Number of protein chains: 2
Amino acid sequence: MSGEPAPHEPDAPPLAAQLRARGLRLTTQRQRVLAAVSALEHGTPEEIGARLRAEAGPDGAAPDTSTVYRTLELLERLGLVWHTHLGKGAPVYHAAEHPHLHVVCQECGQISSVDPTLLDAAAERLAADLGFTVDVGHVALSGTCRACAEKSRTEQP
Amino acid sequence: MSGEPAPHEPDAPPLAAQLRARGLRLTTQRQRVLAAVSALEHGTPEEIGARLRAEAGPDGAAPDTSTVYRTLELLERLGLVWHTHLGKGAPVYHAAEHPHLHVVCQECGQISSVDPTLLDAAAERLAADLGFTVDVGHVALSGTCRACAEKSRTEQP
DNA sequence: CTCGTTGCAAAGGATTTGCACAAGT
DNA sequence: ACTTGTGCAAATCCTTTGCAACGAG
């Protein structure tokens, strides 16, 4: 902690650079997967694959499912994307950009993004108490959204 | 919010009562699964099943895997257990008892339980802002524990 | 040209479901 | 007895892996 250069740059971590630095290769697939993750706010591997198929059209070839998984894992290791487990099913991926907090309704599954500073106080407390560093990008708060709370109040009086 | 009767009773929600109230039946399997969840602090469905097998011994019959899953779902709906997704793998279940917050290290997987009041401020903020009710029992904070933070500092200077 | 990457297809693990029988009330 | 719960086995869903061909540097 000694002053970050910039709050958040235009395209923060240069994909190509990250790859070259590690002797890895910049492929169309990797660019497309990353783009898809950014485009879909919260996408499961399956949804990301589906989107890539849609973008590719009938004749254009989309990355294979296995490639999507492999690429997501890679991108995560490069720090370009993060994943979170929201419900029972598949994890959702989101671009690392500026960190944000996920809030998920257990009933309807709706996802909201919240200002991460919401947890700053708690995070500092954990750091001071346990030396534990909270990774805000990974955090998801579960609960019940307003709509579902009212709905269940109506259905079960 | 008008004063809770007691901070936490000896055996808060009576399993049998919960079942009878809904016309459901009290079976050995259900009692055993609940007991196993309590015994294992944080158990995956698989681990819970394994423990039941072990408890049953060579000749005693343990609940089937599918029964474990069905029962966990039921117990959760009854409010007796909660599940949380810690890593990529399976969800972990824990007895509902008094609520506590889970803090998980992404590297070593170690789980710590923290005072849930840590999130009270954030929870109230969400309630006021979005009408969203945070379910503290479900929440898991991911990050890096002190040990792992120091370890990676040593290995990559 | 060399080595990382991809596609394909099959394997693997985890969770769910249909149905007939066993068990709780 | 009546209805719910369980065991069994097959079906699904999600993810991973081996290997030959392909493409970036």
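Chain A is the first sequence line, chain B the second, and so forth, proteins listed ahead of strands; every chain is numbered from 1. Every value quoted in this text rests on a predicted model; they were computed, and no experiment measured them.
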(request) Measure distances between side-chain N and O atoms of A:S66 and base N and O atoms of C:dC8, and say whether any donor-acceptor pair falls under 3.5 Å. (result)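 Indeed, a donor on one side and an acceptor on the other fall under 3.5 Å apart.
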
(request) Would you mind reading off the distance between B:D64 atom CG and C:dT16 atom C1', rounded to a whole angstrom? (result)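 Computing the B:D64:CG to C:dT16:C1' distance gives 12 Å.
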
Under the rule for side chain to side chain donor-acceptor pair (under 3.5 Å), what residues qualify as partners of [X], not counting sequence neighbours?
X      : result
A:Q31  : none
A:D64  : A:S66
B:D120 : none

[X]: what forms a side-chain contact (heavy atoms from CB on, under 4.5 Å) with it, not counting sequence neighbours?
X      : result
A:Q110 : A:C108
A:R22  : A:L24, A:L78
B:A140 : B:T84, B:L86, B:H102, B:V104

(message) How would you summarise protein contacts on nucleotides 19-25 of chain D per nucleotide, using B for base, S for sugar-phosphate only and - for none, with heavy-atom distances below 4.0 Å?
(response) ----BBS

(message) At a heavy-atom distance below 4.0 Å, what parts of residues 34-48 of chain A sit against DNA chain C?
(response)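 The answer is none.
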
(request) Output yes when at least one side-chain N/O atom of B:Q29 is less than 4.0 Å from OP1 or OP2 of D:dG7, else no. (result) yes

(message) Please enumerate all residues that pass ring pair (Phe, Tyr, Trp, His ring centres under 6.0 Å) together with A:F132, with sequence neighbours excluded.
(response)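 Checked A:F132 against ring pair (Phe, Tyr, Trp, His ring centres under 6.0 Å); zero matches.
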
